[in-house]
Amino acid sequence: MPRLSEVIAALENLWPAERAESWDAVGTVVGDADQEVARVLFAVDPVQEIVDEAVKLGADLLVTHHPLYLRGTTTVAATHFKGRVVHTLIKNDIALHVAHTNADTADPGVSDALAGALDLRVVRPLVPDPTDPEGRRGLGRICELDHPLTVREFAARAAERLPATAQGIRAAGDPEAVVRTVAVSGGSGDSLFDQVRAAGVDAFLTADLRHHPASEARAQSPLALLDAAHWATEWPWCELAAAQLDEISDRKGWDLRVHVSKTVTDPWTAHAASSATSEPLGAPN
């Protein structure tokens, strides 16, 4: 049975902390380097619901994509929801390790997992990592579809293949436009419009698209936009990461039991579609 320090070393080899953005907070948040690890749980968010799941599962290590403390704090008191997470982890001897932007740009990384969930063929990174001589690491991915689809059909594929959320998939652009090439970026991606336009793809699938950036992007080119729930675009990475650790465990003879949480931690819980109308659309009087 490996010690936490050995498992963390393997995870750091997959997602080195030095490849995280300067503003990010990655690495081990809670845990004793000498504790033994037999069971690992992967999830997107280090929220209380996931920590309770780790306790029930009997996990020794929780690995999440999102940081617990992205900004500094002066307290881990249990009177605060993040403090309760820390207290629950420590009381139950569960370590917490975070791989965020260092997993986004990894090879394979978050956007590779997203592309895989959508049956897309990855061609290259959207924003290559200049430190990677092989040109495989970087933010986002440029992809090709297995066969052309309309925007409407591609949105339906995304809704079917990604985990179900209240939001589903929103699309901007001509629903009947043909899509052959796609840029994907797990998580918030509206800072990447310049790179997406430069790539010359037919569509861009990401999350958290805001009104003004999306409107301006549509005004500048025929690029179709597909907006999924943030959590849904990053959850496929949990399965990829778990498979990577499984392979390491088998190779090293650790016999780890590795699990992926299927708990939906997307904050949105309901969606009411606007009523269909044959009248011209416009603002209410």
Side-chain angles (χ1 to χ4, degrees), residues 44-45 65-66 104 110-120 126-127 139-238 262 264-284:
V44 175
D45 297 301
H65 182 51
H66 289 153
D104 286 333
V110 171
S111 291
D112 293 291
L114 175 57
L118 298 171
D119 281 343
L120 303 175
L126 173 62
V127 184
L139 189 61
R141 295 293 184 266
I142 302 296
C143 307
E144 295 177 345
L145 276 73
D146 48 0
H147 60 274
L149 296 174
T150 65
V151 171
R152 189 190 308 276
E153 290 169 335
F154 184 52
R157 176 190 285 195
E160 177 186 359
R161 303 288 177 84
L162 294 180
T165 60
Q167 174 180 318
I169 306 295
R170 300 189 299 176
D174 179 0
E176 303 309 319
V178 176
V179 177
R180 295 181 175 86
T181 55
V182 181
V184 300
S185 182
S188 304
D190 63 14
S191 65
L192 300 173
F193 281 134
D194 287 344
Q195 292 89 338
V196 172
R197 280 192 294 271
V201 294
D202 301 314
F204 179 35
L205 186 147
T206 187
D208 295 340
L209 292 182
R210 296 169 294 162
H211 174 89
H212 292 295
S215 177
E216 292 172 4
R218 287 290 306 143
Q220 293 184 59
S221 77
L223 176 71
L225 306 177
L226 292 98
D227 183 39
H230 189 121
W231 173 85
T233 64
E234 295 180 330
W235 184 84
W237 172 79
C238 295
K262 292 180 170 57
V264 178
T265 53
D266 187 75
W268 306 105
T269 57
H271 171 79
S274 300
S275 300
T277 176
S278 59
E279 298 296 323
L281 297 178

For the backbone of [Y] and the side chain of [X], can you confirm whether one donor and one acceptor N or O come within less than 3.5 Å of each other?
{"X": "Glu153", "Y": "Thr150", "answer": "yes"}
{"X": "Arg210", "Y": "Ala214", "answer": "no"}
{"X": "Asp202", "Y": "Thr181", "answer": "yes"}
{"X": "Asp227", "Y": "Asp208", "answer": "yes"}
{"X": "Thr233", "Y": "Thr206", "answer": "no"}

Do any side-chain atoms of residues 193-201 form donor-acceptor pairs under 3.5 angstrom with protein atoms, and if so which ones, sequence neighbours left out?
unit_1: Asp194; atom_1: OD1; unit_2: Arg197; atom_2: NH2; d: 2.6

Charged N to carboxylate O under 4.0 angstrom, Glu176 versus Arg152?
yes
Salt-bridge present (Asp146, Arg157; N to O < 4.0 Å):
yes
Tell me if the aromatic rings of His66 and His230 count as close, with their centers under 6.0 Å from one another.
yes
Are Phe204 and Val182 side-chain neighbours, meaning at least one heavy-atom pair lies under 4.5 Å?
no
With the side chain counted from C-beta on, respond yes when Asp104 and Trp237 share a heavy-atom pair under 4.5 Å apart, and no when they do not.
no
If I compare all heavy atoms of [X] with all of [Y], which pair ends up nearest, and what's the gap?
{"X": "Gly140", "Y": "Ser111", "answer": "CA-OG, 3.5 Å"}
{"X": "Ala117", "Y": "Pro236", "answer": "CB-CG, 4.1 Å"}
{"X": "Ala171", "Y": "Val151", "answer": "CB-CG1, 4.2 Å"}

Above 12 or not: heavy atoms from other molecules or residues under 6.0 Å from NE2 of His147?
yes
Residue pair Leu114, Leu120: steps toward the side chain to side chain contact (heavy atoms under 4.5 Å, CB included) verdict
CA-CA 9 Å; Leu114 175 57; Leu120 303 175; over 6 Å; no
